[in-house]
Amino acid sequence: MSRHGLLIDYHYCTGCQTCEVACQQEHGHPPGQSGIKVTEFVMKGRTKPVIIDHLPFPTELCILCAGRTSRGELPACVKHCQANCMQFGLLPELLEEMLKRPRTVLFRPR
Amino acid sequence: MKRDKGIQEFKTSTWSAGAGCHGGCGQKLQVKNGRLIKVEGNEEHPWNQGRACPRVLALTQFMYHPDRLTQPLKRVGARGEGKFAPISWSEAYDFCEEKLKAIRDRDGAEAVVFVQGTGRDIGGPITFLANNYGSPNVSQLGLSGQSCYTPRLAAMKSTVGDFCVFDASQFLEKRYDDPAYSYPEVILVWGANPPPTCADGFFGHWIVDCMRRGGSQIICIEPRHTWLSSRAKYHLQLRPGTDGALALGMLNVIIQEGLYDQAFVERWTVGFDRLRKRVQEYPPARVAAITWVPEELIVAAARLYATAKPAGLHWGLAVDMAPEGTSVAQALTHLWSITGNVDIPGGNVIARPSHGVTTYPYTTEELVALFGQEHMDRASQKRIGADRYPMVKGFRAWAHPDLTIEQIDSGKPYPIRAAWIQSANLLAGQAARTKFHYEALKKLEFVVVVDLFHNPTTMALADIVLPAATFAEKDSFRSWWAPLGVIQKAVQVGECKSDWEINFEMARRLNPDVGRRYATVMELFNRRLANADTTFDQMVARGCWAMPPEGATKPYRRHERGLLRPDGSPGFNTPSGKIELWSTAFEGWGLDPLPFYREPAQSPVSTPELFAKYPLILISGSRISTLFHSEHRMIPWLREKHPDPLVDIHPDTARDSGLREGDWVYIENDLGRVRRKVKLSLTVHPQMINTVHGWWMPEEEGAEPHLFGVWSYQINQLIPGPQESGSGFGGGQYKTTLVRLSRINEEKG
């Protein structure tokens with residue numbers, strides 16, 4: 001079982017969907033399938049008129065790029081993320097990081 | 001690093017078809033058995049530092065798409081019938097040569113227009129071909145008012161004597177880690193939504209880097225709610241097209257409250273008193289009424305921008321598309337000038353092409369040396385628009401787009417017989433009043449289209465179609481600010497050729513001097529690269545990029561160090577040596593030397609009767625990250641993210657119109673109607689709608705009359721022309737046109 005995870009700083013996710021295509025290219029997923037998928041949240045806010053957030057969600061197809069990480073490379077989504085808002089690492093270390101940063105989410109896909 | 005056997009890796013730069021955008025990011029292409037198998041961001045490249053975008057990562061699907069054009073084609077049926085037969089390159093070249101020479105002999109070289117689309121590596125080859133053929137008429141045909149960067153470039157050149165860009169450390173090899181760099185305290189983002197694209201040679205996410213790494217605060221000038229506006233300290237949600245008033249209002253606050261950099265203004269600018277007098281006409285209360293932005297927000301934003309040190313200003317296409325775009329850009333140039341943010345870290349730095357390398361000789365001196373004074377005189381006399389707009393003569397030596405299509409239609413003052421259209425799907429893309437463009441272009445006796453896929457433009461117009469290469473399939477070079485880059489060929493697809501190769505061979509045939517000057521395209525590249533004291537091969541060996549060395553093309557504070565003027569004295573490269581807030585260049589062109597506001601041609605204010613009939617302001621041209629202009633509709637990984645042409649409608653507006661999510665509607669005005677699918681969204685103002693442009697359906701019938709559905713989906717059919725600007729530059733009405741919605745009562749419309 002993997003001791004690794006993904007920490008996502010969703011305050012900075014711009015919703016560009018680079019992670020999705022990075023995953024599709026890496027694993028040859030056809031359209032309609034991806035190991036990660038970005039969801040957009042738009043709603044009325046309290047202090048600002050509109051809140052806009054995005055969240056990349058690792059789907060069941062995410063294998064944390066086992067092949068890449070075994071070669072010392074970053075997962076395709078993390079490497080190519082334009083906002084640099086995704087981090088790959090050991091779960092305890094990511095949790096430490098998470099405690100320092102609000103508006104983050106920690107995923108353990110596998 | 002362990003790799004499969006037989007995989008070769010090519011480091012290269014993008015800046016071309018494939019990814020599509022203006023960026024110059026570094027990518028690594030993995031090739032196996034002569035075929036591209038994967039694209040991987042190059043972490044050693046300072047531009048993107050390993051990052052990529054969805055479009056470049058989908059490159060394999062783009063390059064090996066079954067519909068990709070891979071052979072030269074000659075039309076065999078009637079024009080528009082969609083019947084083409086493959087021919088060899090030599091047959092294609094022969095045919096084009098014969099036709100173009102016959103037209104030149106009969107009507108003069110100016111009877112052929114050379115058309116390009118958005119600014120990628122096409123500028124060099126198309127200018128090269130047009131000049132060697134002898135035509136002065138290179139045009140971004142269809143782009144009303146040349147409303148893409150040219151107005152901003154003209155304003156900067158006329159004010160500062162150089163171009164400026166927001167400094168995100170992009171001229172420095174170590175980027176943010178270079179000790180010379182400082183993050184801006186505040187970034188004023190004006191009429192741009194940076195994250196989805198890399199417009200104007202600027203990686204959009206550099207703004208996000210400054211926010212995340214450097215804590216930069218954002219002031220967002222944007223009619224919509226965007227991800228960026230949701231993270232902004234202040235969001236000024238202005239009425240589209242009123243940017244000029246808002247800029248003058250902010251200048252008013254900064255000058256009235258004495259928040260400008262007095263020492264800088266005194267030492268380095270002229271015309272401040274006249275500017276001070278002009279901005280009196282734009283007090284915040286008046287500006288609030290014009291722009292719909294609350295007065296207190298205008299004041300607060302102006303104060304924050306003026307008191308932050310450093311502060312940067314990043315801007316976008318909406319500036320050019322405002323009425324009098326050149327004047328709006330001038331006012332924004334004044335913002336960073338009077339606050340002393342010129343050529344300082346984190347401000348707006350002077351941007352020159354790295355190492356002084358340009359893709360083609362653009363200066364008059366160089367052109368005269370190559371083609372002679374007589375050719376240049378004739379060119380500037382014959383160039384379409386030169387007699388009407390001094391800026392065509394004095395600044396941007398391109399044929400004016402709105403006047404060019406009118407001349408193609410009317411044949412006056414001289415007839416246009418042919419068009420060479422290269423990487424410009426203008427009928428699905430940039431052409432405002434599209435039907436008029438279509439009908440006028442149909443009159444031409446000869447049309448060549450160079451592109452990568454069949455599209456509405458190839459189908460409707462082409463007599464000859466030439467298959468162009470993506471960046472992965474060609475050698476080329478990149479010169480747009482920094483770094484200097486080269487593009488190296490990794491693979492061959494079909495018989496596709498690069499724009500440079502195609503145009504070099506045509507130019508060689510049309511002007512024997514070409515062959516005498518350069519034996520090969522590579523020799524031409526190396527001649528251009530000589531300013532950087534390097535060669536194409538040396539550039540490839542060092543990873544395909546080079547940052548500017550110390551000197552005139554590297555920031556900072558070059559005006560203090562005497563690096564900007566030809567005479568080597570301190571100051572700016574203007575006639576006075578100072579930043580000319582009152583522009584002598586504008587005066588020379590017969591324009592108002594100071595910024596002013598003009599109301600959009602169509603608006604609730606200027607055309608209340610039209611507004612009663614068409615009560616919504618249409619914003620088109622907004623970018624998304626997966627599709628660039630009219631490209632990528634056929635790429636499965638990209639199209640699935642944005643399958644339908646959507647229109648964003650505020651839920652209140654939809655409710656009042658009886659529309660629901662997913663309904664198909666017509667957006668309509670007096671020029672026609674265009675289909676869209678409703679997306680309810682709080683991101684738009686209730687009195688505005690927003691839609692992505694460039695839509696056609698590659699999966700539908702290509703032959704006329706259908707033309708891949710372009711008449712159903714091309715939003716620019718509704719955009720009137722010509723442009724709204726006295727200078728001729730700016731004011732394409734792509735973001736200010738009035739429309740209404742009507743529901744389509746069919747399954748898919």
Side-chain angles (χ1 to χ4, degrees), chain A residues 9-34 36-45 47-55 65 67-87 101 103-104, chain B residues 1-3 25 27 37-41 43 48-61 193-198 203-209 211-213 224-232 235 237 624-626 635-643 651 680-684:
Chain A
D9 187 341
Y10 61 84
H11 186 71
Y12 289 105
C13 175
T14 61
C16 72
Q17 296 177 297
T18 301
C19 54
E20 294 184 27
V21 184
C23 181
Q24 290 176 306
Q25 181 194 225
E26 181 67 27
H27 301 287
H29 293 308
Q33 283 184 5
S34 181
I36 194 155
K37 196 157 172 57
V38 180
T39 301
E40 183 186 53
F41 304 89
V42 179
M43 65 184 76
K44 282 184 184 165
T47 55
K48 18 175 107 181
V50 178
I51 296 171
I52 301 175
D53 283 307
H54 306 106
L55 183 65
C65 282
R68 290 176 66 103
T69 55
S70 73
R71 294 192 299 267
E73 298 171 39
L74 289 171
C77 57
V78 175
K79 155 99 186 265
H80 293 110
C81 172
Q82 290 194 68
N84 278 334
C85 71
M86 308 174 75
Q87 213 177 320
R101 286 154 74 183
R103 291 171 64 73
T104 50
Chain B
M1 204 176 291
K2 222 169 70 184
R3 286 249 168 267
C25 65
Q27 299 293 332
I37 56 168
K38 198 203 275 189
V39 179
E40 184 82 23
E43 43 291 270
N48 51 311
Q49 300 174 313
R51 293 175 273 185
C53 72
R55 301 179 309 278
V56 80
L57 293 174
L59 189 65
T60 51
Q61 289 193 340
N193 185 25
T197 58
C198 301
F203 184 78
H205 276 75
W206 289 339
I207 299 278
V208 183
D209 292 347
M211 295 163 69
R212 192 176 55 79
R213 302 167 62 126
R224 297 177 297 148
H225 294 280
T226 61
W227 175 85
L228 192 71
S229 77
S230 78
R231 265 74 177 151
H235 174 202
Q237 197 180 8
I624 54 176
S625 64
T626 46
I635 309 303
W637 283 332
L638 301 176
R639 180 70 181 275
E640 70 156 341
K641 316 256 180 318
H642 203 104
L680 300 184
S681 180
L682 292 165
T683 60
V684 283

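These numbers come from the heavy atoms of this one structure, side chains and all, not from hydrogens, waters or symmetry mates. If you're wondering where the values come from, they're calculated on a predicted model, not measured in any experiment. Throughout, a chain's letter reflects where its sequence line sits, starting with A, and its residues are numbered from 1.
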Side-chain donor or acceptor of [X] paired with backbone N/O of [Y] under 3.5 Å:
X      : Y      : answer
A/H80  : B/G41  : yes
B/S625 : A/C16  : yes
A/Q17  : B/T626 : no

Quick check on [X] against chain B: is it the side chain, the backbone, both or neither that has a heavy atom closer than 4.5 Å?
X      : value
A/C19  : neither
A/C81  : backbone
A/R101 : neither
A/H29  : backbone

Output the distance between atom [atom1] ([X]) and atom [atom2] ([Y]), rounded to the nearest 0.5 Å.
X      : Y      : atom1 : atom2 : answer
A/M43  : B/L682 : CE    : CG    : 9.5 Å
A/E26  : B/K38  : CD    : NZ    : 3.5 Å
B/W227 : A/I52  : CH2   : CD1   : 10.5 Å

Contact class of [X] relative to chain A, heavy atoms under 4.5 angstrom:
X      : answer
B/V56  : neither
B/R55  : neither
B/L228 : neither
B/P196 : neither
B/T226 : backbone

Could you walk me through whether B/R212 and A/H11 satisfy the side chain to side chain contact (heavy atoms under 4.5 Å, CB included) test, starting with their C-alpha distance in whole Å, then the side-chain angles of each, then the deciding distance to 0.1 Å, before giving a yes or no?
CA-CA 9 Å; B/R212 192 176 55 79; A/H11 186 71; over 6 Å; no
Picking from A/S34, A/G32, A/G45, A/G15, which has the most non-hydrogen pairs under 4.5 angstrom with chain B?
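When all of A/S34, A/G32, A/G45, A/G15 are compared, A/G32 has the most.
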Is there side-chain contact between B/P195 and A/Q82, with heavy atoms separated by less than 4.5 Å?
no
Restricting to salt bridge (Lys or Arg N to Asp or Glu O under 4.0 Å), what partner residues turn up for B/K641, sequence neighbours left out?
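Only A/E20 meet the salt bridge (Lys or Arg N to Asp or Glu O under 4.0 Å) criterion with B/K641.
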Looking at residues at least two apart in the chain, or sitting in another chain, which of them share a salt bridge (Lys or Arg N to Asp or Glu O under 4.0 Å) with B/E43?
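Salt bridge (Lys or Arg N to Asp or Glu O under 4.0 Å) check on B/E43 returns A/K79, B/K28.
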Any idea which heavy atoms bring B/A52 and A/T18 closest together, and the distance?
O-CG2, 3.3 Å
What residue among B/R51, B/Q49, B/H205 forms side-chain contact (heavy atoms from CB on, under 4.5 Å) with A/N84?
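When side-chain contact (heavy atoms from CB on, under 4.5 Å) is applied between A/N84 and each of B/R51, B/Q49, B/H205, only B/R51 qualifies.
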Any side-chain donor-acceptor pair under 3.5 Å between A/Q24 and B/Q61?
no
Go through it in stages, so that I can follow the logic: the residues are B/R231 and A/Y12, the test is side chain to side chain contact (heavy atoms under 4.5 Å, CB included), and I'd like the CA-CA distance, side-chain angles, deciding distance and then a yes or no.
CA-CA 9 Å; B/R231 265 74 177 151; A/Y12 289 105; 5.7 Å; no
